[in-house]
Amino acid sequence: MDNIVITVARGFGSGGKRLSSRIADDLGMNCYENRILVLASQLSGLDEEMFAEVNEKLSEKKKLPVFLRGLPKQKKPKVEDREFVSDETIFNYEKQIIENLADTENCIIVGKCADHILKDRDNVISLYVEAPRRYCVGEIMDRMKVDEETAHRAISQTDKYRADYYKYYTGGNYWTNPVNYDLTINMERVGFDRAAKLVENYIKLRFPDWKAPAECG
């Protein structure tokens with residue numbers, strides 16, 4: 001097994017993104033989320049001549065991670081306060097980027113229907129991270145410095161957006177379907193540190209011969 005990919009779907013406020021970053025740090029991998037969308041959006045807005053040049057570079061598999069790592073990371077939780085509207089062009093670029101990453105490097109990909117896009121690959125582990133509403137509300141209030149009512153609204157809006165996004169681009173599958181994932185983690189019950197250890201132990205069970213980049217250095 002040359003490389004593995006971990007995909008992470010998560011409820012808003014569950015701590016799934018933070019868990020992904022922790023596992024990536026522990027194992028010496030890159031973690032991608034909003035940078036995939038940023039690059040896909042940039043590509044979709046290029047004029048024809050510039051697009052041809054960039055697309056040629058992206059077709060060289062080792063070039064893509066360099067593009068992504070140069071983009072800024074999103075530090076705070078991002079609330080989706082709009083209705084879902086499909087954009088096939090951007091999604092197709094996201095799909096291309098995700099498939100390219102899965103071909104070339106050890107990484108964690110958060111959201112973007114990555115579990116569905118990579119479902120037929122043998123080198124993928126897919127996670128779903130969730131927690132009871134009271135836990136998610138507390139997390140959002142703390143991390144975004146908002147009141148309880150705002151936190152509840154942010155969770156409802158963002159989870160609906162993610163569910164609609166997933167349903168549309170997977171052809172009717174639903175985001176919380178446990179069959180989509182290797183592991184479903186209740187963050188309130190397991191806790192942050194043990195959740196990271198659980199995933200890292202599962203990786204060893206699934207891929208006993210794989211060595212994390214952190215172990216190879």
Side-chain angles (χ1 to χ4, degrees), residues 6-24 31-41 44 72-91 93-95 98 108-119 126-196 198-199:
I6 303 167
T7 75
V8 181
R10 75 283 184 222
F12 193 59
S14 67
K17 174 64 188 304
R18 194 157 54 95
L19 176 64
S20 302
S21 297
R22 162 67 178 276
I23 296 167
C31 182
Y32 300 108
E33 183 203 15
N34 65 299
R35 289 180 290 179
I36 292 175
L37 175 58
V38 170
L39 180 56
S41 299
S44 70
K73 289 185 179 181
Q74 185 175 298
K75 300 296 185 183
K76 290 186 177 180
K78 182 180 182 296
V79 179
E80 292 292 357
D81 55 359
R82 57 201 166 102
E83 291 294 317
F84 167 73
V85 177
S86 65
D87 190 321
E88 298 286 350
T89 301
I90 289 179
F91 181 77
Y93 279 121
E94 289 180 345
K95 183 173 181 289
I98 289 167
I108 299 178
I109 302 174
V110 182
K112 309 293 180 287
C113 294
D115 65 282
H116 179 78
I117 292 168
L118 303 177
K119 68 182 184 300
S126 293
L127 312 177
Y128 178 67
V129 181
E130 192 53 280
R133 175 59 75 98
R134 61 181 176 274
Y135 178 95
C136 296
V137 166
E139 283 284 301
I140 294 302
M141 289 174 66
D142 180 59
R143 299 198 65 205
M144 296 184 66
K145 309 304 179 190
V146 297
D147 61 26
E148 184 175 348
E149 181 181 353
T150 302
H152 273 288
R153 186 166 59 250
I155 292 167
S156 295
Q157 291 172 334
T158 304
D159 281 356
K160 182 180 185 305
Y161 182 93
R162 290 176 179 174
D164 291 346
Y165 179 100
Y166 193 92
K167 183 177 181 180
Y168 181 85
Y169 289 119
T170 62
N173 202 339
Y174 60 98
W175 169 49
T176 57
N177 184 353
V179 177
N180 298 338
Y181 308 104
D182 294 79
L183 292 176
T184 298
I185 299 172
N186 182 328
M187 191 66 83
E188 183 183 55
R189 290 185 180 178
V190 178
F192 185 71
D193 291 334
R194 286 182 295 177
L198 172 66
V199 175

Any donor-acceptor pair under 3.5 Å linking the side chain of Asn180 with the backbone of Tyr174? yes

Residues that Arg82 engages under side-chain hydrogen bond (donor to acceptor under 3.5 Å, both in side chains), provided they are two or more places apart: Glu80, Tyr161

Does the side chain of Glu130 reach to within under 4.5 Å of the side chain of Cys136, using non-hydrogen atoms? yes

Close side-chain approach of Phe192 and Arg22, heavy atoms under 4.5 Å: yes

Atom of Gly13, atom of Ile140 and distance for their closest heavy-atom approach: CA-CD1, 3.7 Å

Met144 vs Val79 side-chain heavy atoms within contact, under 4.5 Å: yes

Could you pull out the closest heavy-atom pair between Ala151 and Val146, with the gap in Å? N-CG2, 4.1 Å

Atom CG in Asp164, atom CH2 in Trp175: separation rounded to 0.5 Å? 10.0 Å

Checking side-chain contact (heavy atoms from CB on, under 4.5 Å) for the pair Cys113/Lys119: CA distance, chi angles, key distance, verdict? CA-CA 10 Å; Cys113 294; Lys119 68 182 184 300; over 6 Å; no

Expected output: side-chain Asp159 to main-chain Gly11 donor-acceptor under 3.5 Å: no

Heavy atoms only: give me the nearest Arg10-Ser14 pair and the separation to one decimal. CB-OG, 3.6 Å

Gap between atom OH of Tyr128 and atom CD1 of Ile185 - 0.5 Å precision: 12.0 Å

Between Arg143 and Glu139, is there a donor-acceptor pair closer than 3.5 Å when you use the side chain of the first and the backbone of the second? no

Tell me whether Asp182 contacts the main-chain N or O of Leu127 through its side chain, where contact means a donor paired with an acceptor under 3.5 Å. no

Whether over 12 other heavy atoms sit under 6.0 Å from Glu88 CD: yes

When Ser20 is tested against each of Val110, Val129, Thr7 for side chain to side chain contact (heavy atoms under 4.5 Å, CB included), which residue passes? Val110

Does any part of the side chain of Leu19, heavy atoms only, come nearer than 4.5 Å to the side chain of Val8, both counted from C-beta? no

Does this structure show an ion pair linking Glu33 with Lys112, if we count only N-O contacts that are shorter than 4.0 Å? no

Going by the angle between their ring planes, with limits at 30° and 60°, are Tyr168 and Phe84 parallel, tilted or perpendicular? tilted

Assess the side chains of Tyr166 and Asp115: does a donor N or O sit below 3.5 Å from an acceptor N or O? yes

Return yes when atom CZ of Arg189 has more than 12 non-hydrogen atoms of other residues, nucleotides or ligands closer than 6.0 Å, and no otherwise. no

